[in-house]
2 protein chains.
Amino acid sequence: MSGQHGSYEEIVRARRGSTEFREGFDEARRAYLIGKAVHERRVALGLTQVELATRAGMTQSALSRLEGGGTVPTIPVLDRLAAAMGMALTVAFEPAAA
Amino acid sequence: MSGQHGSYEEIVRARRGSTEFREGFDEARRAYLIGKAVHERRVALGLTQVELATRAGMTQSALSRLEGGGTVPTIPVLDRLAAAMGMALTVAFEPAAA
DNA sequence: CTTGAATATAGCTGTAATGCTATATCCTTC
DNA sequence: GAAGGATATAGCATTACAGCTATATTCAAG
């Protein structure tokens with residue numbers, strides 16, 4: 001058990017510095033932040049998922065998945081969502097923070 | 001010929017106002033603008049496609065396709081490109097212009 | 001014109017998001 | 001607790017992007 005325990009922690013420690021691990025983390029955060037923004041805006045508009053999804057030409061299940069941070073949405077989907085929420089999507093390269 | 005000619009123009013005219021047509025146009029423009037931004041930044045950095053693609057962990061062919069506006073890139077790819085170009089990607093919902 | 005580097009394209013495969021339908025689960029009201 | 005609305009999840013199919021390799025085309029220098 002102890003051998004397995006040490007081995008597991010070593011693996012996690014090694015992966016933490018790897019590009020793949022970081023990308024996975026960044027993607028999950030990106031998905032989370034987008035989902036959160038959509039959720040908040042939807043609630044602010046007083047819409048159900050069905051209503052917003054219908055407006056955005058998508059399914060309630062897809063919207064639920066998105067709001068929950070389960071996927072990194074495609075830009076066309078985000079464009080449609082933005083329009084449905086009376087907003088505009090900005091996708092831009094900006095100077096990197098120091 | 002004239003019947004077909006008129007019919008074709010009517011179809012185009014009808015499609016122009018349709019959501020599908022507009023979405024296709026908006027997507028193409030989105031792809032174009034993103035590709036243009038990447039191209040300009042790459043040239044400004046004095047990098048070849050191979051060099052930038054390598055930095056961004058993608059293939060030269062994918063980069064060429066992207067720069068040419070052939071695809072609407074996924075957000076993870078744009079994130080990697082931004083990092084490779086020393087920039088940051090912004091994806092945000094903003095108030096719609098009037 | 002030739003050569004080599006840079007870029008664009010072709011054709012196929014793999015992957016992840018989204019769509020679809022159905023259903024489970026949660027939440028609120030009575 | 002029951003009922004109904006809202007949301008989350010399951011499982012499968014479809015689609016588009018990106019990967020891969022190879023090659024065609026373009027471009028610039030000699």
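Since the structure is predicted, the reported quantities are computational estimates derived from the model, not experimental observations. Sequence lines set the chain letters: A, B, ... in the order given, protein chains first and strands last, and positions in each chain run from 1.
- Base engagement by S64(A) is indicated by at least one non-hydrogen atom pair under 4.0 Å involving a base atom.
- A distance of 10.0 Å separates CZ of R30(B) from CD of E27(B), quoted to the nearest 0.5 Å.
- E67(A) places its CD atom 12 Å from the P atom of dT9(D), with the value rounded to the nearest Å.
- Side-chain atoms of D79(B) and I75(B), non-hydrogen and from C-beta on, do get closer than 4.5 Å to each other.
- Summarising the geometry, atom CG belonging to L47(A) is positioned 9.0 Å from atom CZ belonging to R41(A); distances are rounded to the nearest 0.5 Å.
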With the criterion being N/O to N/O and under 3.5 Å, what pairs connect the protein with nucleotides 11-14 of chain C, and how long is each?
none

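- The stretch residues 85-94 of chain B has no heavy atom under 4.0 Å from DNA chain D, so no residue of it qualifies as close.
- In this structure, L66(A) CG and T71(A) OG1 are separated by 4.5 Å, a value rounded to the nearest 0.5 Å.
- Residue-to-nucleotide contacts include a donor-acceptor pair under 3.5 Å from the side chain of Q60(A) to the base of dA8(D).
- Counting to the nearest Å, the C1' atom of dA18(D) and the CG atom of L66(B) are 10 Å from each other.
- Within the 3.5 Å criterion, the main-chain N or O of A56(A) finds a donor-acceptor partner in the side chain of R80(A).
- Taking atom CD of residue Q49(A) and atom P of nucleotide dT9(D), one finds them 10 Å apart after rounding to whole Å.
- Under the 4.0 Å criterion applied to side-chain N and carboxylate O atoms, R55(A) and E51(A) are not assigned as salt-bridge partners.
- Computed from coordinates, the R80(A) CZ to dT18(C) P distance equals 9 Å when rounded to whole Å.
- Atom CD in E51(A) sits about 13 Å away from atom C1' in dT7(D), given to the nearest Å.
- Computed from coordinates, the L47(A) CG to dT7(D) P distance equals 10 Å when rounded to whole Å.
- With dA17(C), dT7(D), dG19(D) as the candidates, the nucleotide lying closest to the side chain of T59(B) is dG19(D).
- One finds no side-chain N or O of R42(A) lying less than 4.0 angstrom from the OP1 or OP2 phosphate oxygen of dA6(D).
- Atoms CG (L63(A)) and P (dT21(C)) sit 17 Å apart, rounded to a whole Å.
- When rounded to the nearest whole Å, the span between CD1 of I34(A) and C1' of dA17(C) equals 13 Å.
- One finds the OG1 atom of T48(A) at 8.0 Å from the CG atom of L52(A) (value rounded to the nearest 0.5 Å).
- Using modelled atom types, no side-chain atom of S64(A) and backbone atom of Q60(A) make a donor-acceptor pair closer than 3.5 Å.
- A side chain to side chain donor-acceptor pair (under 3.5 Å) check over residues 82-91 of chain A, counting only residues at least two apart or in different chains, returns the pairs T90(A)-E94(B).
- In this structure, H39(A) and M58(B) both approach DNA chain D, and ranking their closest nucleotides by distance from the 5' end singles out H39(A).
- A salt bridge does not link E67(A) with K36(A): every distance from a Lys NZ or Arg NE/NH1/NH2 to an Asp or Glu carboxylate oxygen is 4.0 Å or more.
- One finds a side-chain N or O of T71(B) lying less than 4.0 angstrom from the OP1 or OP2 phosphate oxygen of dA18(D).
- With dC20(C), dA8(D), dC17(D) as the candidates, the nucleotide lying closest to the side chain of V72(B) is dC17(D).
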